[in-house]
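Worksheet: the structure to be examined is printed underneath.
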Amino acid sequence: MSWLPLSFGAPMVLWGLLALPVIWWLLRLTPPRPQTEVFPPLKILARVLRREETPQQSPWWLTLLRLLMAALVVMALAEPVFNPREKLPAEGAALALVVDNGWATAADWNKRVATAERLIADAGSNGVPVVIAFTAEKPNAEIGPFDASAALDHLRAAKPRPVPTDRPAVYARVAAALERLPGASVAVLADGLAAKGDDAAFKTLLEKNATGLVWATSDRPSLTGLIGADNQVDGFALTAIRAPGNPAPAQVTAGAFDDKGRRIADATLTFAPGEATATAAMAVPFELRNDFASIALDGEHQAGAVRVLDESSKRRRVGLLSQAEADQAQPLLSPLYYIRRALQPFADLVEPSSADLADAIPQLLDQKPAMIIMADVGTIPEQVKQRLVDWVDKGGTLVRFAGPRLAAAGNDDDLLPVRLRSGERALGGALSWTTPQAVTEFPKNGPFADLSPPSEVTVSRQVLAEPTPDIVERTWATLADGTPLVTGMKKDKGTLVLFHVTPEATWSNLPISGTFVEMLRRVVQLSRNQGAAIANAEATAASLAPYRMVGADGMLTPPSPDARPLVPGAGPLPVTLENPPGLYGSETGVFAHNLLDASSTFAPLARPLVSLPVTAVPYAFDESENLKGPLVAIALLLMVLDTLAVFWMGGLLARRPRRAAVATAATVLIVLGGLFGHADLARADDSKPGDAQAIDDISKTRIAYVITGEPGVDAISRAGLEGLTRFLIEKTALEPGPPAGVDIAKDELSFFPLIYWPIDATAPMPSPAAIARIDAYMQQGGTVLFDTRDQFSNGIGAGSASPATERLRDILGNLNVPPLEPVPSDHVLTKSFFILPEFPGRFNGSPLWVEASLDASNTENRPVRTGDGVSPIMITANDFAGAWAIDENGDPMLPTVPPDPMQRVYALRAGVNIMMYMLTGNYKSDQVHVPVLLERLGQ
């Protein structure tokens, strides 16, 4: 039965409301008035004794109260539901629930789970089993059938994955399971994006054993993806896509982030009405563009809106040098013409203003290029040669092209990868070919290994390399007769490369081929990060370990246990559960594996045309609310009022006013407490008054934090100390009680060994009396940990400072602060539990300041210094509480900067060390005496 927006689960009970007139008549019904006769001898007593009178009928308001109470009980028994939802068709032999959990579902995953929960609940109420499968899980994942409870457990354990869906394989498994359960209802919770093989997948799933279809999907996907981020001459060219056919214009902002997670550039992409593609240029300086580590679209919490960048996305400065003068009338004969044309799309080219090598080479080196190309440069002047050699040894890449000058100059062991024979080898001469030589397969140990040999390229002249034992290892390209076309070698941190032909089309037609562009691009990639995992010669055959993965929500996370090494190869690599999007490699070099490529599009998923009954449902939370509990609670409250009214009418409250008032207050408090629960307040002295609170505070060790009055700051402080408390219980023998918020102006502070004080410039300045209480607390052995949480602003020293640091200076100006110093490497704080070289929080970089150990010494190479007691004050700017803070599920509330999971672990370890130091003081310093004490005990 449904009366929108109210429905009843047991509407027949409402017939009980017809009994209200009967109840009213019974409440009004009273026995007839007795006849009163006065016995004469008792006249005197009749005047003395108080008459007990019974009213003939109850007051109208009491009758109305009781009728209302009865009506509420009847309505509660009818199980009313406010804003009821329509029951979904989950009948038949079973319910097959197929849920997309690919990257496109991350933004509204909770809504999808709520929709699936309603389907499972309805299946459970009908007593049918549930087959539940997810389209972005491993092929061997269990799919059931389950009962409703087990299906809910599988649903809540699932999560969105940063990979595409695999509907054909999963739908085939579900169809095979339904062969044993004919007549099942099928519910498809799709992500709204079409994929390859969808038609065949739906045909397999729905054609045989399904009796009905529940279709849940978005009408038009609201996703926006980033398919291109190319570092061009003037800036980063960005390309974003959305689903086609959207008539509304739209704007989305893209942000560029460095490897520490800091935002360093922005750009706005605008979609025209009806357009599915938007472009924009992120015009920032060349040096800043090379710091980009990732680019993400704002507000799009999914993996398709993020592109991670590797060395191939960074432009490098390339210096060009030639001894030949350019012929303005014949530019195609210039040694640098084809090199410029090949490199300009992906490198910034610089050339010296002088033709003299003694001046030109220093001019190029002063501009700090990543690579220098020399086109037929012969002998290098001695006065600049050593500087050029040092540049190569420190990581530079030197590329040289052959020509008459190089052939005549002879060998240069410092700046050539191989030794050369004198002269050159030409078509028709001595030791020459009778026909031009073609290029053969590129060696597998070189950077050109994945390129196809150009069939159109021939070489008629070259400089020959001396045959040496290592000539094969240094050969990157060969001719059909086995002689090297390109040679290269690593020299210290740098690279030497030699093209054995000229850079113009005189000795060969290589410079006018497309392969020449690709070869130079590979060499430029090699120069971007010498030693990079993807740029060196071994990377073409080696696998790259997972380094940082892109989560389904677009955040960079550590690799999951399912991630496997990636083997780079030719063409785009597929994104799978074993190779999710992210960075592969190590700190020395990474390879970017992104979810979307330049050809990606968002095509809406069309509902399959089937003859089955179809029920379309939207993704939404269940907003229905059962009113049975509130109605029963109101009825109980009316019952309490009825009881008090009866007491009042009977004169009980008049005879014992004081006790009655107490009873009334107690009754009301009990009822209200049962109805509405209790508030969990943060104040240390709010839960229990007086001695009881004091006993509770000292029964367990508790960490306190200062209540600043700023709700956001106080909430993070409490969540942070709760996270540290949980970590202490897991890792140490200490089991602290829940953290306590203290008002330093009036709460007792001596119960707490450590008080965490987050400095907030917007909070009121503590009164002189409150600061005096803190001073007394520190003098009596307590420790205050001040946290300005402004590591990226100015420190506590002289000069300009952040507002939080200025507020800290004002507070410390009224305290007896001892001399301070950053924690020394041999301080007991670095070894009180974990061995820590630094004390990071949500930020990393600020030192932890403690009382200076002026009289401490470290004799006999003791592990820690002696003489350093417990510091009464500690100061940091790293935001400890922000790193420790966890939510009710135990998940971190705030990201670390940079987003490194190990930084949060080190922050928690720092908190453990601080607590151990607070509770044990110098005991670590005394451990060096243990061998002597044990020896004496043995004697």
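- Of the possible donor and acceptor atoms, none in the side chain of Asp492 sits under 3.5 Å from a partner among the backbone N and O of Gly395.
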May I have the step-by-step check of side-chain contact (heavy atoms from CB on, under 4.5 Å) for Leu566 and Leu573, ending in yes or no? CA-CA 9 Å; Leu566 180 71; Leu573 302 174; 3.8 Å; yes

Using the side-chain contact (heavy atoms from CB on, under 4.5 Å) rule, take Leu583 and Met549 through it: C-alpha gap first, then chi angles, then the decisive distance, then the call. CA-CA 6 Å; Leu583 298 172; Met549 301 294 98; 5.7 Å; no

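- Asp553 places no side-chain N or O within 3.5 Å of a backbone atom of Gln302 that could act as its donor or acceptor partner.
- Counting only distance, with no hydrogens or angles, the side chain of Thr483 and the backbone of Leu479 share no donor-acceptor pair below 3.5 Å.
- By the 4.5 Å heavy-atom criterion applied to side chains, Trp391 and Pro369 are counted as neighbours.
- Using cut-offs of 30° and 60° on the angle between ring planes, the pair Phe499 and Phe401 is parallel.
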Given side-chain contact (heavy atoms from CB on, under 4.5 Å), test Met371 with Val523 step by step and report yes or no. CA-CA 9 Å; Met371 185 170 78; Val523 177; 3.6 Å; yes

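- A donor-acceptor pair under 3.5 Å links the side-chain atoms of Asp258 to the main chain of Gly261, judged by distance alone.
- Within the 6.0 Å centre-distance limit, the rings of Phe292 and Phe236 are counted as a close aromatic pair.
- Listed for the Arg421 side chain is no donor-acceptor partner under 3.5 Å among the backbone atoms of Val463.
- Within the model, atoms CD of Gln462 and NE2 of His500 stand 7.5 Å from one another, a figure rounded to the nearest 0.5 Å.
- With hydrogens and angles ignored, the 3.5 Å screen pairs no side-chain donor or acceptor of Asn411 with any backbone N or O of Asp413.
- Side chain of Asp310 to backbone of Phe591: no donor-acceptor contact under 3.5 angstrom is found.
- Closest non-hydrogen pair, Tyr584 versus His593, comes out as CE1-CB, 3.7 Å.
- Judged purely by atom type and a 3.5 angstrom limit, Arg317 uses its side chain to pair as donor or acceptor with the backbone of Gln367.
- Within the structure, the salt bridge (charged side-chain N to carboxylate O under 4.0 Å, His left out) test picks out the following pairs touching residues 358-370 (sequence neighbours left out): Asp366-Arg387.
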Pair Leu343, Arg521 - check side-chain contact (heavy atoms from CB on, under 4.5 Å), show working. CA-CA 7 Å; Leu343 291 178; Arg521 189 175 67 86; over 6 Å; no

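- Between Leu485 and Gln437 the shortest side-chain heavy-atom distance does not fall below 4.5 Å.
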Does the side-chain hydrogen bond (donor to acceptor under 3.5 Å, both in side chains) test come out yes or no for Ser353 and Gln363, once each step is laid out? CA-CA 8 Å; Ser353 58; Gln363 288 179 12; 3.1 Å; yes

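- A cation-pi arrangement is present between Arg909 and Phe834, with the terminal nitrogen or guanidinium carbon under 6.0 Å from the aromatic centre and inside a 45° cone about the axis.
- Looking at Asp230, its side chain never comes within 3.5 Å of a backbone N or O of Ala237 through a donor-acceptor pair.
- Among Arg842, Arg548, Lys260, the single residue meeting the salt bridge (charged side-chain N to carboxylate O under 4.0 Å, His left out) criterion with Asp900 is Arg548.
- In this structure a side-chain-to-backbone donor-acceptor pair under 3.5 Å is missing from Ser354 to Ala360.
- Once rounded to the nearest 0.5 Å, the distance linking CG of Leu498 with CG of Leu420 reads 6.0 Å.
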